[in-house]
Amino acid sequence: MTRPDLPADLPPTSLDEQTIEQEKKLSPKQIIIWGAIALLGAVSWAAIALARKESINGIWFVFAAVCSYLIAHRFYATFIEKVLVKPDDRRATPAEYAYNGHDFVPTDRRILYGHHFAAIAGAGPLVGPVLAAQMGYLPGTIWIIVGVIVAGAVQDYLVLFISMRRGGRSLGQMAKDELGPIGGTAALLATLSIMLMIVAILALVVVNSLGDSPWGVFSVGMTIPIALFMGVYLRYLRPGRVMEVSVIGCIMLLAAIIGGGYVSKTAWGVAWFHLDKPTVAWCLIVYGFIAAILPVWLLLAPRDYLSTFMKVGVIAMLAIAIVFVQPTITVPAISEYASRSDGPVFAGSLFPFLFVTIACGALSGFHAMIASGTTPKMVEKERQTKLIGYGGMLMESFVAIMALVAAVSIDRGIYFSMNSAAGATQGTVEGAVQYVNSLGLTGVHVDAATLTETARNVGEQSIVSRTGGAPTLAVGLAHIMHQVFGGPAMMSFWYHFAIMFEALFILTSVDAGTRVARFMLADALGNFHARFRDPSWKVGAWLTTAVMVAGWGSILIMGVTDPLGGINTLFPLFGIANQLLAALALSICAVVFARKGARNALWIIVIPWLFTAVITVYGSYLKIFSSNPKVGYFANHKLYADAIKAGKTELGAAKNLDQMNAVSFNTMVQGCLSVLFVVCTLIVFVFAAVRTVQALKAGGGVSSEDPALPAQLYAPAGLGASAPEKALEKEWAAYYASHPDAQLVKTGH
């Protein structure tokens, strides 16, 4: 251990097992409360699932989601903790025994919850539900809420725990340890390549949100120095003053949003901050490199904690506004495009594309990267993993539900005008009107005056073909919020507030994802040169960061310059890759817990693993082999390649030969990536299934966990401390008062 030895007269580092079990029992009062929550949830679900009227009240979505999450965390997550995870707070975590002050840092559970939530809650819970809204509100709602409870939160929780027990190792390296050289190599290749795709799409959504928006660029840019100030403040100026720095950070954040409105109206503000999409993309690439090599306490943790205040605050505010406004939703429960593959927003029918379009918010492989990347290196105590892993994912799912409600609360004509590619709408109001009205949808009609007025209300020159989901969510949020705060005059503020909120949401995932990608590559290269696994080796850290940034940066530039609208063509690949990664993560969890002796409870992992595997492999098959150019990448490539050979200079969205060549090249790359992803993942599935069966037959297996070391610090398990935990905290406070040099770090508690 890198810390000085502490005296032997330590207070207990954990509550005793009897006290822990006693806290889980329900009192008569609690039984009544939970019964009321279950009843409200059941009524809300009935209103959503059974109503077939022309409209539905948005309030039911809020109640159904919140009640479901509360019950899932209190009962299902606790069941998983008891039968599978079995945490032991008497064991030291990697943050304690491998403390280095850079990546391995014991971090207050509230700050770490914020960091983890901010890191996982990227583009997916904002973009996926908005895009999937073309299929109606019911399929997305069911998948988001049920999917997160039985699959997404389970994956996040289990991956975080097994990585923490293995020194914070990456998912790819754990796969190699569990599956052997062949299966492990396939897993490393799959996780590395998929990670590049995921971070690139996250960055692409930021580009689409901030491109040509000086207000957004200024406000989001200001969050960087604010986060740096918070990091220095919390570590050196006022150590341990978490709430104090939170208040200061939130005030500065609001000032940045308000200031952005003034800056965007000045000549110098437009000159400096009105950036086109390629320029924003290059700025993100440079930022991603710098953010990934800075100490985690300086930018990543305080920025994520700061953005979490904004994220949770905005989503809670939106939920409350929905309760007050009670928006009427006229979108059909299941729309025309649920059974068709020619949707204007994205191509593909409900099965399997709904389940890969809505990834984050229900189930996301990217989360497994974070849960085996930065977060396990910062956990103070093992019992905190339920709050951070399972609880953090439930909060992200709520974000997805709010995004879905915001998207379906706006007029469908505006929705399709905003989310159809520029190639279809020509990027003009007139083109959007002609295209949307030609779709022939019942009750859907849009006119130029409506689109122009909506753009003026939100302070933008145009809202046509603002793809990526984020602008649509911003319009929906502004549409709801202005009815509670400020009236029509405040719509532009709420729109840009939402844009900043979304960009912050996603940008935190970009920098955390880049850091995790660096860890993954370092783990992989460490098999050949052991020093790459040394986090203090700056040459290795800088080199691996540069390689991964170059990888996702090249995909980002390809998406920004794609004539078909990068997000429209790349998001299905992102979704499939993301869910393949989730299935891979669940397969590794199955092997690990089978070797730990789990048998009857293994269904908790195997059921979501098999479901996700079927969905993603079938989706990959369609993207690779479909003869429909709107669905299959190679079919689309052939369409444009044949047109180029025939001497055509214009086809579909491509209006010149250069754009046709770009589409031909991009679709070939995307098709090849689809093949790579699915082949590597199938290899992992085969090896994982074999290892799981072998472990079940043998009644267990050899564990790859790090040796247990006794813990020498204490912290509560939940957001708030229980009475026994508060009593133990007082013992530790008295101990630290009499032993001031005993604390590992003074900033984490």
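Model, not experiment: these values are computed from the prediction.
At distances below 3.5 Å, at least one donor-acceptor pair connects side-chain atoms of Lys377 with backbone N or O atoms of Gly373. Counting only distance, with no hydrogens or angles, the side chain of Glu725 and the backbone of Ala717 share a donor-acceptor pair below 3.5 Å. Between the Arg599 side chain and the Leu696 main chain, a donor and an acceptor come within less than 3.5 Å of each other. Listed for the Thr375 side chain is no donor-acceptor partner under 3.5 Å among the backbone atoms of Ala371. In terms of modelled atom types and a separation under 3.5 Å, the side chain of Arg383 and the main chain of Pro87 share no donor-acceptor contact. A donor-acceptor pair under 3.5 Å is absent between the side-chain atoms of Ser163 and the main chain of Leu160, judged by distance alone. Checked by atom type and distance alone, the side chain of Gln579 pairs as donor or acceptor with a backbone atom of Phe355 at under 3.5 Å. Under the 3.5 Å distance criterion, the side-chain polar atoms of Glu396 are left unmatched by any main-chain donor or acceptor of Phe117. For Glu96 (side chain) and Pro106 (main-chain N/O), no donor-acceptor pair under 3.5 Å exists by modelled atom type. Remark: side-chain polar atoms of Ser738 are paired, donor with acceptor, to backbone N or O of Ala734 under 3.5 angstrom.
In plain terms, the two heavy atoms of Gly168 and Pro94 that are nearest each other are N-CG, 4.0 Å. Listed here is the closest heavy atom pair of Leu158 and Ile605: CD1-CG1, 3.5 Å. Contact record, Ala368 with Ala585: CB-CB, 3.7 Å, taken as the closest heavy-atom pair. Nearest heavy atom pair, residue Ala98 against residue Phe104, reads O-CB, 3.2 Å. When all heavy atoms of Ala583 and Trp609 are compared, the pair lying nearest together is O-CD1, 3.5 Å. The two residues Phe593 and Leu84 come nearest to each other via the heavy atoms CE2-O, 3.4 Å.
The aromatic rings of Trp732 and Tyr714 lie parallel to each other, with less than 30° between the two planes, well short of the 60° mark. Classified by interplanar angle (parallel below 30°, tilted 30° to 60°, perpendicular above 60°), the ring pair Tyr390/His73 is tilted. Classified by interplanar angle (parallel below 30°, tilted 30° to 60°, perpendicular above 60°), the ring pair Phe229/Tyr233 is tilted.
Atom CH2 of Trp34 sits about 9.5 Å away from atom SG of Cys67, to the nearest 0.5 Å. Here the CD1-CG distance, from Ile37 to Leu39, works out to 11.0 Å after rounding to the nearest 0.5 Å. With rounding to the nearest 0.5 Å, the separation of OG in Ser170 from NZ in Lys176 is 11.5 Å. Remark: Leu394 CG to Asp156 CG distance equals 9.5 Å, nearest 0.5 Å. Between atom OG1 of residue Thr692 and atom CD of residue Glu178 there is a gap of 9.5 Å, rounded to the nearest 0.5 Å. Distance check: Ile370 CD1 to Leu171 CG gives 12.0 Å after rounding to the nearest 0.5 Å.
The local environment of NZ in Lys726 is sparse, with at most 12 non-hydrogen atoms from other residues, nucleotides or ligands closer than 6.0 Å. Counting non-hydrogen atoms of neighbouring residues, nucleotides and ligands closer than 6.0 angstrom, the CG atom of Asp16 exceeds 12 such neighbours.
For the salt bridge (Lys or Arg N to Asp or Glu O under 4.0 Å) with Glu705, the qualifying choice from Arg169, Arg91, Arg595 is Arg91, the only one to do so. Of the residues Leu188, Leu584, Leu580, the one that meets the side chain to side chain contact (heavy atoms under 4.5 Å, CB included) test with Val684 is Leu584.
In this structure, Ile71 and Ile149 have side chains that are not in contact, with every pair of non-hydrogen atoms separated by 4.5 Å or more. Contact of the Pro608 side chain with the Leu363 side chain is not registered, since no non-hydrogen atoms from C-beta on lie closer than 4.5 Å. Between Lys697 and Gln694 there is no side-chain heavy-atom pair separated by less than 4.5 Å. Side chains of Tyr157 and Glu81 form a contact here, defined as non-hydrogen atoms less than 4.5 Å apart. Side-chain atoms of Val62 and Met402, non-hydrogen and from C-beta on, do get closer than 4.5 Å to each other. Counting heavy atoms from C-beta on, the side chains of Val591 and Phe687 never come closer than 4.5 Å. Counting heavy atoms from C-beta outward, Tyr97 and Asp706 have side chains that approach closer than 4.5 Å. Using a 4.5 Å heavy-atom threshold, the side chains of Thr13 and Asp89 count as separate.
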Run the numbers on Ile607 and Phe611 for side-chain contact (heavy atoms from CB on, under 4.5 Å), then give the verdict. CA-CA 6 Å; Ile607 290 176; Phe611 176 78; 5.6 Å; no

Between Lys386 and Val85, is a side-chain contact (heavy atoms from CB on, under 4.5 Å) present by the stated rule, with each step listed? CA-CA 9 Å; Lys386 185 180 83 167; Val85 177; over 6 Å; no

Decide side-chain contact (heavy atoms from CB on, under 4.5 Å) for Asp177 and Arg166; before the verdict, give the C-alpha distance in whole Å, the side-chain angles of both, and the deciding distance to 0.1 Å. CA-CA 10 Å; Asp177 295 339; Arg166 288 158 178 77; 5.9 Å; no

Could you give me the CA-CA distance, side-chain angles and deciding distance for Phe75 and Leu26, then say whether side-chain contact (heavy atoms from CB on, under 4.5 Å) is met? CA-CA 11 Å; Phe75 297 100; Leu26 296 178; 3.8 Å; yes

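Between Asp88 and Arg165 there is no salt bridge, since no side-chain nitrogen of the basic residue lies less than 4.0 Å from a carboxylate oxygen of the acidic one.
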